Amino acid sequence: MKKYVILLTIVLLFGCTHLTQQERNQLQQLKAQGITVDRGGDFDAPANPAAAGAMNLLPGGGNFYLASGNGADSAHWLYGFLNLLTWPFSIIWGVPEAAVDANTINERELIYHYKYDKKVLQ
(Lines give C-alpha, C1' and ligand atoms only; values in the text may rest on other atoms or scores of the structure.)
Protein backbone atom coordinates (compact mmCIF):
# COMPACT_ATOMS: atom_id res chain seq x y z
CA MET A 1 0.00 0.00 0.00
CA LYS A 2 2.85 2.36 0.83
CA LYS A 3 4.32 1.84 -2.66
CA TYR A 4 1.02 2.86 -4.28
CA VAL A 5 0.81 6.02 -2.21
CA ILE A 6 4.38 6.96 -3.19
CA LEU A 7 3.69 6.22 -6.86
CA LEU A 8 0.48 8.26 -6.81
CA THR A 9 2.31 11.16 -5.14
CA ILE A 10 5.04 11.11 -7.80
CA VAL A 11 2.50 11.03 -10.62
CA LEU A 12 0.56 13.94 -9.14
CA LEU A 13 3.67 16.04 -8.52
CA PHE A 14 4.76 15.72 -12.15
CA GLY A 15 1.24 16.08 -13.51
CA CYS A 16 1.30 19.80 -14.15
CA THR A 17 1.49 21.23 -17.64
CA HIS A 18 4.69 23.17 -18.19
CA LEU A 19 6.45 25.23 -20.83
CA THR A 20 9.78 24.23 -22.34
CA GLN A 21 12.75 26.56 -21.94
CA GLN A 22 12.35 27.71 -25.53
CA GLU A 23 8.66 28.48 -24.95
CA ARG A 24 9.55 30.45 -21.80
CA ASN A 25 12.10 32.47 -23.78
CA GLN A 26 9.54 33.19 -26.51
CA LEU A 27 6.98 34.21 -23.89
CA GLN A 28 9.52 36.62 -22.37
CA GLN A 29 10.09 38.15 -25.83
CA LEU A 30 6.35 38.62 -26.30
CA LYS A 31 6.03 40.17 -22.82
CA ALA A 32 8.87 42.57 -23.65
CA GLN A 33 6.73 43.74 -26.61
CA GLY A 34 3.73 44.21 -24.30
CA ILE A 35 1.94 41.07 -25.49
CA THR A 36 0.45 38.89 -22.77
CA VAL A 37 -2.45 36.45 -22.54
CA ASP A 38 -4.65 39.29 -21.31
CA ARG A 39 -3.40 41.80 -23.90
CA GLY A 40 -2.79 39.62 -26.94
CA GLY A 41 -4.47 41.71 -29.59
CA ASP A 42 -6.59 39.36 -31.68
CA PHE A 43 -5.66 36.36 -29.50
CA ASP A 44 -8.51 34.65 -27.65
CA ALA A 45 -7.41 32.49 -24.70
CA PRO A 46 -8.76 28.95 -25.18
CA ALA A 47 -8.99 28.04 -21.48
CA ASN A 48 -10.51 29.89 -18.55
CA PRO A 49 -8.45 29.34 -15.37
CA ALA A 50 -11.35 30.14 -13.02
CA ALA A 51 -13.68 27.77 -14.86
CA ALA A 52 -11.08 24.99 -14.91
CA GLY A 53 -10.50 25.33 -11.16
CA ALA A 54 -14.22 25.43 -10.39
CA MET A 55 -14.91 22.43 -12.59
CA ASN A 56 -12.36 20.40 -10.64
CA LEU A 57 -14.66 20.56 -7.62
CA LEU A 58 -16.39 17.76 -9.48
CA PRO A 59 -14.27 14.63 -10.00
CA GLY A 60 -11.78 15.52 -12.74
CA GLY A 61 -14.11 18.00 -14.46
CA GLY A 62 -11.52 20.74 -14.84
CA ASN A 63 -8.98 18.35 -16.29
CA PHE A 64 -11.50 17.00 -18.79
CA TYR A 65 -12.24 20.62 -19.76
CA LEU A 66 -8.51 21.23 -20.37
CA ALA A 67 -8.20 17.98 -22.35
CA SER A 68 -10.79 19.14 -24.87
CA GLY A 69 -11.30 22.36 -26.78
CA ASN A 70 -9.03 24.63 -28.81
CA GLY A 71 -5.97 24.49 -26.56
CA ALA A 72 -6.41 20.83 -25.64
CA ASP A 73 -3.66 19.09 -23.70
CA SER A 74 -4.34 15.36 -24.02
CA ALA A 75 -2.39 14.50 -20.86
CA HIS A 76 -5.27 15.97 -18.88
CA TRP A 77 -7.45 12.96 -19.75
CA LEU A 78 -5.13 10.93 -17.49
CA TYR A 79 -5.02 13.62 -14.80
CA GLY A 80 -8.81 13.84 -14.83
CA PHE A 81 -9.12 10.08 -14.48
CA LEU A 82 -6.65 10.06 -11.56
CA ASN A 83 -8.55 12.91 -9.91
CA LEU A 84 -11.76 10.96 -10.45
CA LEU A 85 -10.26 7.95 -8.68
CA THR A 86 -9.03 9.98 -5.73
CA TRP A 87 -12.08 12.23 -5.32
CA PRO A 88 -12.96 13.93 -2.87
CA PHE A 89 -9.30 14.24 -1.78
CA SER A 90 -8.30 15.37 -5.27
CA ILE A 91 -10.07 18.69 -4.68
CA ILE A 92 -7.08 19.72 -2.54
CA TRP A 93 -4.62 19.61 -5.44
CA GLY A 94 -7.00 19.48 -8.40
CA VAL A 95 -8.52 22.94 -8.14
CA PRO A 96 -5.25 24.93 -8.06
CA GLU A 97 -3.59 22.55 -10.55
CA ALA A 98 -6.35 23.05 -13.13
CA ALA A 99 -6.24 26.84 -12.75
CA VAL A 100 -2.45 26.96 -13.14
CA ASP A 101 -2.52 24.53 -16.07
CA ALA A 102 -5.22 26.56 -17.84
CA ASN A 103 -2.99 29.63 -17.62
CA THR A 104 -0.02 27.62 -18.93
CA ILE A 105 -2.09 26.30 -21.83
CA ASN A 106 -3.13 29.88 -22.63
CA GLU A 107 0.52 30.99 -22.62
CA ARG A 108 1.50 28.13 -24.93
CA GLU A 109 -1.33 28.96 -27.31
CA LEU A 110 -0.30 32.65 -27.26
CA ILE A 111 3.20 31.64 -28.34
CA TYR A 112 1.87 29.41 -31.11
CA HIS A 113 -0.52 32.16 -32.22
CA TYR A 114 2.26 34.67 -32.72
CA LYS A 115 4.69 32.13 -34.10
CA TYR A 116 2.52 30.25 -36.61
CA ASP A 117 -0.61 32.28 -37.40
CA LYS A 118 -0.25 33.48 -40.98
CA LYS A 119 -2.48 36.55 -40.41
CA VAL A 120 -0.26 37.75 -37.54
CA LEU A 121 2.98 37.18 -39.49
CA GLN A 122 1.95 39.31 -42.48
Side-chain angles (χ1 to χ4, degrees):
M1 182 65 180
K2 186 176 179 180
K3 291 179 186 179
Y4 293 116
V5 171
I6 292 171
L7 179 63
L8 181 63
T9 303
I10 290 171
V11 168
L12 292 174
L13 287 175
F14 293 103
C16 290
T17 303
H18 63 279
L19 298 175
T20 65
Q21 184 61 42
Q22 182 180 4
E23 289 171 334
R24 282 183 262 165
N25 291 341
Q26 291 170 337
L27 188 61
Q28 284 300 104
Q29 291 173 352
L30 289 172
K31 284 182 181 178
Q33 297 174 18
I35 300 169
T36 64
V37 171
D38 299 327
R39 294 177 281 143
D42 64 342
F43 172 74
D44 291 324
N48 184 326
M55 286 182 193
N56 249 4
L57 291 173
L58 299 173
N63 295 106
F64 297 137
Y65 165 70
L66 295 175
S68 60
N70 292 341
D73 185 350
S74 61
H76 278 275
W77 289 112
L78 174 64
Y79 306 150
F81 181 70
L82 291 173
N83 283 343
L84 179 66
L85 290 177
T86 57
W87 191 82
F89 303 108
S90 65
I91 293 172
I92 296 168
W93 63 81
V95 171
E97 177 255 341
V100 168
D101 285 354
N103 192 46
T104 303
I105 288 170
N106 288 340
E107 289 174 341
R108 181 178 294 143
E109 290 301 312
L110 177 72
I111 293 165
Y112 292 165
H113 176 75
Y114 280 94
K115 187 173 182 180
Y116 297 114
D117 191 349
K118 301 293 184 204
K119 293 180 282 187
V120 173
L121 296 176
Q122 293 177 355

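Computed from a predicted model, the values in this text were never measured in an experiment.
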J.: Under the side chain to side chain contact (heavy atoms under 4.5 Å, CB included) rule, collect the residues that match up with L57, sequence neighbours excluded.
T.: I91, V95
J.: Which residues pass the side chain to side chain contact (heavy atoms under 4.5 Å, CB included) test with N25, sequence neighbours left out?
T.: Q21
J.: Can you measure from CD (Q28) to CD (E23) and round to the nearest 0.5 angstrom?
T.: 13.0 Å
J.: Among residues at least two apart in sequence or on other chains, which ones pass side chain to side chain contact (heavy atoms under 4.5 Å, CB included) with Y65?
T.: A47, N48, A52, M55
J.: Near Q33 CD, under 6.0 Å, is it more than 12 heavy atoms from other residues, nucleotides or ligands?
T.: yes
J.: Specify the closest pair of heavy atoms between E97 and N56, including all atoms of both residues, with the distance to one decimal.
T.: OE1-ND2, 4.0 Å
J.: Run through I105, L110, N103 and flag the one making a side-chain contact (heavy atoms from CB on, under 4.5 Å) with E107.
T.: N103
J.: Could you check N106, D101, V100, L66 and say which one makes a side-chain contact (heavy atoms from CB on, under 4.5 Å) with P49?
T.: N106
